[in-house]
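Working notes, structure below.
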Protein chains: 2
Amino acid sequence: MAKVYERIADDLRQLIRAGELRPGDRLPAETSLADQYKKSLPTVRQALAVLQAEGLIEKQHGRGNFVRRPRKLVERTNERHQWEKDRARESLQTRSQTGATEHDTGLQLDDLVFTAKYKEIKADERLAKAIGLPEGTALLERTFRTRYRAESAPFNLTRSYLVLEMIAGNSDLLDETKEPWPGGTQNQLHTVGIEVDRVVERVTARPPTAEEMEELDLPPGTAVLVLQKISYDTNDRVVDVADVTLPGDRTEMTFTTRLERW
Amino acid sequence: MAKVYERIADDLRQLIRAGELRPGDRLPAETSLADQYKKSLPTVRQALAVLQAEGLIEKQHGRGNFVRRPRKLVERTNERHQWEKDRARESLQTRSQTGATEHDTGLQLDDLVFTAKYKEIKADERLAKAIGLPEGTALLERTFRTRYRAESAPFNLTRSYLVLEMIAGNSDLLDETKEPWPGGTQNQLHTVGIEVDRVVERVTARPPTAEEMEELDLPPGTAVLVLQKISYDTNDRVVDVADVTLPGDRTEMTFTTRLERW
DNA sequence: GAGTGGTCTAGACCACTGT
DNA sequence: CAGTGGTCTAGACCACTCC
């Protein structure tokens, strides 16, 4: 009485969970599954689509259907913020050695490819609300992308927004060719006298949009982590708003909360 | 030359993004879309499946396809940990008033339905590693579920693991009927002399499993946030490991990181 | 070229929703 | 009952991978 495609999906799911089909293994060809279950090909394909949506299998055109392997994770911690703050007042030489992403991933600068694009915009409603300034406020939108040199797709998409008036004191901050800036955003802000006091990060998860699937090279059956990071300075002003999109199957974020002692 | 179903999906996606089809609106019937595009019904359905996987539309059997409405969010902050710690030494009366979830959501105790189930188990490899004790260590597994009284599906699934030996001093802690425990886990640990020093939370995102879709009543085209929360006491021992599954379309987590002043 | 998955068609019949 | 989406079939033809 159960739907045929669900029964087939359940069957295969169980084989995978029991370890009879292991990560990387090829599933039987769709035609042979159709024979085996005495069902039509489209029905079998529907069952496989369910498993694909769950992230259990991966379809490879012309090769077969494969049990998906877990991805190597990119770590991202909230201790990077304090680390970056400590660096912000260090010498240029120290700052040039590694950035926050290398700190998280344990990689060298050379392993990563970083691109930046700057653009001046006016705050829309959403940004105005996040920053706490009126709509239309002049902002600098900075689009960042980071990827492993060895891989073709970036592992994060970041758009950061600074208030133009706050950073007017240092024209270098408007120059995208100065990226990657040694010491990162906290050092950039430091050059115009801004000290970051706290960072608030909002996290949600959702399926990727078509564009994100394209740009992050995400297969169907994955999710993205969406992070909005707001930095406040010591006067409680919002000094940076960043929207970060991270592939869920490659990212693990760690947040440490230290509690006051009794 | 683009694939037909992608072209149809792009078309409809654009209508939705442009606001010509607004949240809650019904899309044209599948048969009428097939007529309109002069394509077969299965092709149209394939296009709609793409939009469903992106979380843009919702299929309702016998009614139609609808533009998905954004869900009401459940908030969860990391400041709840300090808040809960402060409460842990308060009077029973104070502790009974509200819990951390109510603190996050701003709701009253009566608005929420809470269920708990306890079970003694042996640590498997994953848990042993998380806790830093040998495999086979006796643990108390506590399964929690929280939902709005008005809704049928819970908005989180939590499994928490305590080391039995650590909590042996208070037999009430083995009694699931004492849940919801006023003051929560931090008070429970306090009764056996344990002070939580810090909480480390690891966050990833993935599509829901079949079981999670069932239990959290998730439609296709949503993701789950998976949170592993590890509590350390002042002696650096792991005193609680909790696995929390949260529906991505209903949850927003906020983490605040305070930085040392210059 | 053999094997595999991807796209698309045409149509039958079932199940659910609303009037 | 009419209208809608859900399941399933049978088969044609295309596109990719690998030998």
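Residue numbers start from 1 in every chain, and the chains themselves are labelled A, B, ... in the order their sequence lines are given, proteins ahead of strands. On a predicted model such as this, the values are computed, not experimentally measured, just so you know. As a basis for the values below, the full set of heavy atoms in this structure was taken, side chains included, without hydrogen atoms, waters or symmetry mates.
Contact check for A/Glu215 versus A/Thr245: no side-chain heavy atoms found under the 4.5 Å cut-off.
Classification of A/Glu58 and A/Arg63 as a salt-bridged pair fails, no side-chain N sitting under 4.0 Å from a carboxylate O. Taking 4.0 Å as the cut-off between side-chain N and carboxylate O, A/Asp243 and A/Arg126 count as a salt-bridged pair. Under 4.0 Å is where a charged nitrogen must lie from a carboxylate oxygen, and between A/Glu151 and A/Lys72 no such pair does.
By the ring-ring contact (aromatic ring centres under 6.0 Å, His included) test, A/Tyr37 is found to be paired with no residue, residues two or more places apart in sequence or in another chain being considered. Annotation: side chain to side chain donor-acceptor pair (under 3.5 Å) contacts of B/Arg69 (sequence neighbours excluded): none.
In this structure, A/Glu58 atom CD and D/dC16 atom P are separated by 17 Å, rounded to whole Å.
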**OP:** Sugar-phosphate means primed atoms, P, OP1 and OP2; the rest is base. With that split, encode nucleotides 3-11 of chain D 5' to 3' as B, S or - using protein heavy atoms under 4.0 Å.
**Re:** BBBSBSBB-
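When the local axes at the two ends of the helix from C/dG1-D/dC18 to C/dG18-D/dC1 are compared, using 5 base pairs at each end, they differ in direction by 20° after rounding to 10°.
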Residues 14-29 of chain A side chain polar contacts: donor-acceptor under 3.5 Å, at least two apart:
from: A/Arg17; atom 1: NH1; to: B/Glu211; atom 2: OE2; distance (Å): 2.9
from: A/Arg17; atom 1: NH2; to: B/Glu211; atom 2: OE1; distance (Å): 3.2
from: A/Asp25; atom 1: OD2; to: A/Arg22; atom 2: N; distance (Å): 2.9

Pairs under 3.5 angstrom only: tabulate donor-acceptor contacts from the side chains of residues 109-122 of chain A to other protein residues two or more places apart or in another chain.
from: A/Asp111; atom 1: OD2; to: A/Gln108; atom 2: N; distance (Å): 3.1
from: A/Tyr118; atom 1: OH; to: A/Glu179; atom 2: OE2; distance (Å): 2.4

